[in-house]
K.L.:
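Dumping the structure here so I can ask a few things about it.
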Amino acid sequence: MDFQFTFLFVGLIAFCDSARGPPRISDKVVHRQTVRLGRTIKLLCPVEGDPPPLTMWMKDGRSIHSGWTRFRAYVQGLKIKEVESEDAGSYICKATNGFGSVNVNYTLIVIDDASAGKPNQPPNGHSPDLEEFSNKQWVRPRFTQPAKMRKRVIARPVGSSVRLKCIASGNPRPEITWLKDNKPLTTQEIGENKKKKWTLNLKSLKPEDSGKYTCQVFNRVGQINATYKVEVIQRTKSKPILTGNHPVNTTVDFGGTTSFQCKVRSDVKPVIQWLKRVEYGSESKYNSTIDFGGQKFVVLPNGDVWSRPDGSYLNKLIITRAKEEDAGMYICLGANTMGYSFKIAFLTVLPGKKKTYYIKSVITFM
């Protein structure tokens with residue numbers, strides 16, 4: 001199963017007691033790893049938790065999946081075979097269970113024996129200035145803020161704006177160029193858009209601005225690329241549609257953990273919100289309530305909205321340590337500029353086991 005999909009379905013039904021909680025790092029981690037070109041390396045993910053966490057790996061903000069043929073993720077690590085120069089970069093192992101998540105971060109450096117120990121002979125044959133070296137080692141470019149580059153497919157309506165980031169470091173300090181659909185951006189194409197050192201700001205988007213935007217970051221040691229796909233939508237054609245049978249009625253033991261999920265199809269990324277019905281007269285217990293369909297609801301904290309390969313969006317509501325007051329009606333509400341759709345599900349919380357106490361009498365004879 002694709003690791004991205006595995007990650008999306010974390011936190012299904014599990015029992016919860018005082019010993020259970022979010023994942024934690026169980027061993028010392030050496031965050032800076034080096035490997036020689038062509039060799040094999042294993043990056044460990046020493047995490048533990050109850051329930052046992054599921055893990056996913058990312059490189060420079062991109063999920064590693066089964067299509068990465070030289071990469072193999074296993075229970076507590078990632079194995080990279082026949083390492084190439086492009087494998088250098090930032091790696092994250094994200095471990096998640098129904099109670100939370102934790103990250104294990106690595107920076108991988110790939111050493112090329114052919115050029116190792118020869119800092120005065122850069123690959124392109126140019127002689128560097130002494131000031132440029134400053135007794136520092138050559139370092140190929142790497143993206144320094146991969147978390148800000150995770151979303152590579154971006155949909156925006158006409159007239160809106162978007163910022164594409166490719167912040168990087170290296171020695172010598174790298175340069176950056178931008179391409180659209182594999183062709184260098186011209187002054188006319190950039191127009192009123194601003195092109196800062198590491199960010200391309202696209203303003204007042206038009207349909208013809210749709211395309212693939214690639215940043216090329218390079219210095220004398222190497223080059224790295226990142227591509228964003230921008231889709232400019234002329235208008236939202238319809239309100240969201242909730243697909244499948246979810247959310248579905250669910251039963252959970254007192255103190256247990258369960259979840260609702262909601263799949264929404266929409267032209268643009270929708271707002272997905274969870275509501276829980278409350279009784280009239282109990283509004284004072286909550287910071288705020290809203291009226292919906294003639295009933296009172298409290299708006300629950302909103303989780304991440306995940307984009308799926310089929311074009312739909314997924315959101316999950318996880319309920320931990322279920323109590324009697326968690327039982328009741330829940331609504332998944334999906335909305336965009338054209339309107340909203342919703343579905344209802346009910347949660348039943350089974351009563352907890354009653355504890356019986358015994359009083360032991362002790363009779364002392366004098």
Side-chain angles (χ1 to χ4, degrees), residues 3-4 7-8 25 29-35 41 43 45 47 55-65 68 71 73 78 80 83-96 100-110 136-156 160-180 185 190 193-203 205 211-231 269 303-307:
F3 290 101
Q4 186 174 3
F7 173 69
L8 291 175
I25 298 176
V29 176
V30 180
H31 298 284
R32 190 178 179 89
Q33 296 282 333
T34 59
V35 61
I41 188 171
L43 302 179
C45 190
V47 293
T55 59
M56 67 171 292
W57 282 88
M58 304 184 74
K59 177 185 183 297
D60 296 332
R62 299 176 60 194
S63 297
I64 297 174
H65 52 77
W68 297 39
F71 293 69
L78 175 71
I80 309 174
V83 169
E84 299 177 358
S85 299
E86 292 73 16
D87 296 337
S90 175
Y91 289 79
I92 297 176
C93 172
K94 185 165 188 175
T96 308
S101 62
V102 67
N103 290 350
V104 179
N105 300 286
Y106 288 100
T107 297
L108 180 62
I109 301 170
V110 178
K136 293 183 180 179
Q137 185 180 6
W138 288 99
V139 178
R140 74 189 306 272
R142 70 178 184 90
F143 294 118
T144 57
Q145 297 184 14
K148 295 183 178 181
M149 301 172 62
R150 289 176 181 170
K151 188 174 181 181
R152 299 292 185 89
V153 179
I154 303 171
R156 291 287 190 274
S160 63
S161 61
V162 65
R163 294 199 302 171
L164 309 179
K165 293 180 176 290
C166 284
I167 303 172
S169 66
N171 187 52
R173 183 175 175 81
E175 297 296 326
I176 183 172
T177 59
W178 286 90
L179 295 82
K180 181 190 176 188
L185 280 172
I190 295 176
N193 300 314
K194 290 184 178 180
K195 186 176 68 171
K196 295 183 178 180
K197 176 67 176 178
W198 304 113
T199 304
L200 178 64
N201 294 327
L202 303 177
K203 296 184 176 181
L205 289 170
K212 294 182 178 180
Y213 291 82
T214 301
C215 65
Q216 293 183 339
V217 181
F218 57 92
N219 62 12
R220 295 181 178 181
V221 185
Q223 175 177 308
I224 52 176
N225 302 333
T227 298
Y228 293 90
K229 182 180 179 181
V230 177
E231 182 182 0
K269 186 175 182 178
D304 293 332
V305 177
W306 297 88
S307 176

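Just so you know, these numbers come straight off a predicted model, no measurement behind them. Side chains included, hydrogens not; waters and symmetry mates left out as well; all remaining heavy atoms used.
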K.L.:
Applying side-chain hydrogen bond (donor to acceptor under 3.5 Å, both in side chains), name anything that partners D60, two or more places apart in sequence or on another chain.
P.N.:
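Residues passing side-chain hydrogen bond (donor to acceptor under 3.5 Å, both in side chains) with D60: none at all.
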K.L.:
For the CZ atom on R156, are there more than 12 heavy atoms of other groups (residues, nucleotides or ligands in this structure) within a distance under 6.0 Å?
P.N.:
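Yes, enclosed.
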K.L.:
For a quick test of reading the model, state the closest non-hydrogen atom pair linking A88 to K59 and the distance between them.
P.N.:
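Nearest heavy atoms, A88 then K59: O-NZ, 3.3 Å.
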K.L.:
Q145: what forms a side-chain hydrogen bond (donor to acceptor under 3.5 Å, both in side chains) with it, not counting sequence neighbours?
P.N.:
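Q145 satisfies side-chain hydrogen bond (donor to acceptor under 3.5 Å, both in side chains) with K148 once adjacent residues are dropped.
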K.L.:
Locate the shortest heavy-atom distance separating W178 from W198; write the atom from each residue and the value.
P.N.:
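Looking at all heavy atoms of both residues, the closest pair is CZ2-O, 4.2 Å.
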K.L.:
So, for T96 and S101, which heavy atoms are closest and what is the spacing to 0.1 Å?
P.N.:
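Nearest heavy atoms, T96 then S101: OG1-CB, 3.4 Å.
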K.L.:
How many angstroms lie between CD1 in I224 and CD in E86, if you round to the nearest 0.5 Å?
P.N.:
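Between atom CD1 of I224 and atom CD of E86 there are 10.5 Å.
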K.L.:
Any idea which heavy atoms bring S169 and T144 closest together, and the distance?
P.N.:
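Here S169 and T144 meet closest at OG-CG2, 3.2 Å.
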K.L.:
Do the non-hydrogen side-chain atoms of Y106 and L78 ever get within less than 4.5 Å of each other?
P.N.:
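No, their side chains stay 4.5 Å or more apart.
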K.L.:
About how many Å separate CZ of R142 and CZ of R140, when rounded to the nearest 0.5 Å?
P.N.:
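The CZ atom of R142 is 11.5 Å from CZ of R140, to the nearest 0.5 Å.
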K.L.:
Just so I know, are the side chains of I80 and W68 near enough to count as touching, which here means a heavy-atom distance under 4.5 Å?
P.N.:
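SC-SC contact between I80 and W68 ruled out.
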K.L.:
Considering residues at least two apart in sequence or located in another chain, which fulfil the side chain to side chain contact (heavy atoms under 4.5 Å, CB included) criterion with V102?
P.N.:
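V102 satisfies side chain to side chain contact (heavy atoms under 4.5 Å, CB included) with P23, I25, V47, A95 once adjacent residues are dropped.
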K.L.:
At their closest point, which heavy atom of K180 faces which heavy atom of L185, and how far apart are they?
P.N.:
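Scanning both residues completely, I find the closest heavy atoms to be CB-CD2, 3.6 Å.
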K.L.:
Suppose we screen for side chain to side chain contact (heavy atoms under 4.5 Å, CB included). Which residues come up paired with I92, at least two apart in sequence or across chains?
P.N.:
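Applying side chain to side chain contact (heavy atoms under 4.5 Å, CB included) to I92 gives N103, N105, R150.
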K.L.:
Does K212 use its side chain to pair, donor to acceptor, with the backbone of L179 at less than 3.5 Å?
P.N.:
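No, because the side chain of K212 does not come within donor-acceptor range (under 3.5 Å) of the backbone of L179.
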K.L.:
If the condition is side-chain hydrogen bond (donor to acceptor under 3.5 Å, both in side chains), which residues does Q223 pass it with, not counting sequence neighbours?
P.N.:
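Once residues adjacent in sequence are excluded, the partners of Q223 under the side-chain hydrogen bond (donor to acceptor under 3.5 Å, both in side chains) criterion are N225.
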K.L.:
To the nearest 0.5 angstrom, please state how far the CZ atom of R163 sits from the CG atom of L200.
P.N.:
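Rounded to the nearest 0.5 Å, the CZ-CG separation comes to 11.5 Å.
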K.L.:
Aromatic rings Y91 and F71: how do their planes relate, parallel, tilted or perpendicular, breaks at 30° and 60°?
P.N.:
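Rings of Y91 and F71: parallel, as their planes differ by under 30°.
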K.L.:
For Y228 and K165, indicate whether the former's side chain and the latter's backbone hold a donor-acceptor pair under 3.5 Å.
P.N.:
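Present.
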K.L.:
Name the one of T199, I176, L164 that satisfies side-chain contact (heavy atoms from CB on, under 4.5 Å) with C215?
P.N.:
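Exactly one pass, corresponding to I176.
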K.L.:
Should W57 and S63 count as side-chain neighbours, where that means a heavy-atom distance under 4.5 Å?
P.N.:
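Of all side-chain heavy-atom pairs linking S63 with W57, none is under 4.5 Å.
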K.L.:
Please report the closest heavy-atom contact between V217 and C166, naming both atoms and the distance.
P.N.:
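Reported closest heavy-atom pair: CG2-O, 4.3 Å.
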K.L.:
Holding to side-chain hydrogen bond (donor to acceptor under 3.5 Å, both in side chains), I want the full list of residues that pass it with T214, two or more places apart in sequence or in another chain.
P.N.:
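Partners of T214 under the side-chain hydrogen bond (donor to acceptor under 3.5 Å, both in side chains) test: T227.
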K.L.:
If we only count heavy atoms from C-beta on, is the K94 to M58 side-chain gap below 4.5 Å?
P.N.:
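No, their side chains stay 4.5 Å or more apart.
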K.L.:
Are side-chain heavy atoms of R32 and I109 found at a separation under 4.5 Å?
P.N.:
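Side chain of R32 against side chain of I109, heavy atoms only: contact under 4.5 Å found.
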